[in-house]
Amino acid sequence: MDHLVSPSILTANFANLQKDIEMLNQSDADWMHVDVMDGVFVPNISFGFAIIKQIKALAKKPLDVHLMIVDPDRYLQEFKDAGADNITVHFEACTHLNRTIQKIKELGCRAGVALNPATPVAMLDDIIEDLDMVLIMSVNPGFGAQKFLAGTYKKITDLKNMAAGRNPNLYIEIDGGVDQNNIEKLVKTGANILVAGNSVFSSSNPNKAISALKHFEKMNG
Ligand code: DX5
Ligand code: ZN
């Protein structure tokens with residue numbers, strides 16, 4: 001399948017979010033990546049339900065919600081109600097991961113699990129068939145605009161090998177430091193959802209930056 005681009009609104013302009021959501025609506029973006037941080041699981045706080053509801057009211061594309069929060073089970077229903085289409089929880093934040101994934105599916109959302117850079121893909125061996133998506137963190141979660149970690153390529157290969165024959169339609173999502181220089185190699189290695197925050201929103205032309213990621217083009221600025 002063609003790769004999907006999911007720009008992260010973490011680096012959008014929160015004083016005028018409407019403008020950036022409308023830009024994403026017009027762009028080649030497939031999903032909108034929504035990073036929720038609680039200041040406990042990660043050393044940063046982003047935003048919660050009120051903002052997500054506002055985004056949902058404007059967005060013409062699915063909301064790809066990435067929960068960097070402890071005990072996500074407490075809030076799954078609220079994230080669904082706020083407008084999440086995909087809900088990804090962190091492996092490291094879930095005590096009963098199987099239960100959490102079933103709950104997300106019962107809510108009618110795509111269910112994903114995110115792995116921190118230090119968590120091996122092998123941890124998903126007993127749940128891989130149940131997942132719609134696996135999000136491989138290619139930076140340590142918490143902040144945008146960090147340097148891409150090269151160990152990500154091996155993890156994509158490990159995940160592809162694990163999913164082969166067991167879950168061939170699995171979405172393999174990469175999050176952190178994705179830009180024009182690494183996207184093609186990531187896709188060739190097996191990634192099919194690419195999150196990009198800084199490389200889109202710090203560009204002088206974010207719309208064009210999204211097209212460049214979608215079509216493997218290089219652009220200046
Ligand atoms: C990091 C977030 C990412 C972040 C990616 O914790 O999960 O989604 O917004 O941003 P860039 O593309 O700037 O690394
Ligand atoms: Zn994210």
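Counting starts at 1 for both ligands and their atoms, following the listed order. From a predicted model like this one, the values you see are computed outputs, not experimental measurements.
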- [ ] Answer yes or no: is there a donor N or O on one side and an acceptor on the other, between the side chain of Ser138 and the main chain of Leu149, under 3.5 Å?
- [x] no
Looking only at protein heavy atoms, which one is nearest to [atom], and what is the separation?
atom                    : answer
atom 3 (C) of ligand 1  : Asp175 OD1, 2.9 Å
atom 1 (C) of ligand 1  : Phe143 O, 3.5 Å
atom 10 (O) of ligand 1 : Gly144 CA, 3.7 Å
atom 6 (O) of ligand 1  : Gly142 N, 2.7 Å
atom 14 (O) of ligand 1 : Gly177 N, 2.8 Å

Within the structure, does [X] bring an N/O atom to less than 3.5 angstrom of an N/O atom in ligand 1?
X      : value
Gly197 : yes
Ser8   : yes
Ser199 : no

State the atoms of ligand 1, each with its element, that fall below the 4.0 Å cut-off from a heavy-atom position in [X].
X      : result
Leu10  : 9 (O)
Ala196 : 12 (O)
Ala145 : 11 (P), 13 (O), 14 (O)
Met68  : 6 (O), 7 (O)
His66  : 7 (O)
Met37  : 6 (O)
His33  : 8 (O)
Val195 : 8 (O)

TODO: Please check if any side-chain donor atom of Asp35 sits under 3.5 Å from a side-chain acceptor atom of Ser46, or the reverse.
DONE: no
Open item on the list: Checking Asn86 against Asp64: is there a side-chain donor and acceptor pair closer than 3.5 Å?
Closed with: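 There is such a pair (donor and acceptor under 3.5 Å, judged by atom type) between the side chains of Asp64 and Asn86.
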- [ ] Check Asn198 against ligand 1 and report side chain, backbone, both or neither, counting heavy atoms closer than 4.0 Å.
- [x] both
TODO: Have a look at ligand 1 and work out which part of Pro141, if any, has a heavy atom under 4.0 Å from it: side chain, backbone, both or neither.
DONE: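 For Pro141, backbone and side-chain atoms both sit under 4.0 Å from ligand 1.
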Task: Proximity of His3 and Tyr171 rings by center, below 6.0 Å - done: no
For the Zn ion (ligand 2), give me the closest N/O/S atom belonging to [X], just the atom name.
X      : value
Asp35  : OD1
His66  : ND1
Asp175 : OD2

Open item on the list: Is any side-chain heavy atom of Leu67 closer than 4.5 Å to one of Tyr75?
Closed with: no
Task: Validation row: Glu184, Lys188 side chains within 4.5 angstrom (heavy atoms) - done: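 Side chain of Glu184 against side chain of Lys188, heavy atoms only: contact under 4.5 Å found.
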Open item on the list: Taking NZ in Lys61 as the centre, count heavy atoms belonging to other residues, nucleotides or ligands within less than 6.0 Å. Is the count above 12?
Closed with: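 Result for NZ/Lys61: enclosed.
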Task: From Met23 atom CE to Ile21 atom CD1, the distance as rounded to the nearest 0.5 Å - done: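 Interatomic distance, Met23 CE to Ile21 CD1, rounded to 0.5 Å: 8.5 Å.
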- [ ] Could you tell me how the ring of His66 sits relative to the ring of His33: parallel (under 30°), tilted (30 to 60°) or perpendicular (over 60°)?
- [x]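 Judged by the thresholds at 30° and 60°, the geometry between His66 and His33 is tilted.
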- [ ] Check the pair Glu217, His215 against side chain to side chain donor-acceptor pair (under 3.5 Å), reporting the backbone distance first and the verdict last.
- [x] CA-CA 6 Å; Glu217 291 154 3; His215 306 291; 5.2 Å; no
Would you call [X] and [Y] a salt bridge, using N to O less than 4.0 angstrom?
X      : Y      : value
Asp30  : Lys214 : yes
Asp125 : Arg166 : yes
Asp85  : Lys80  : no

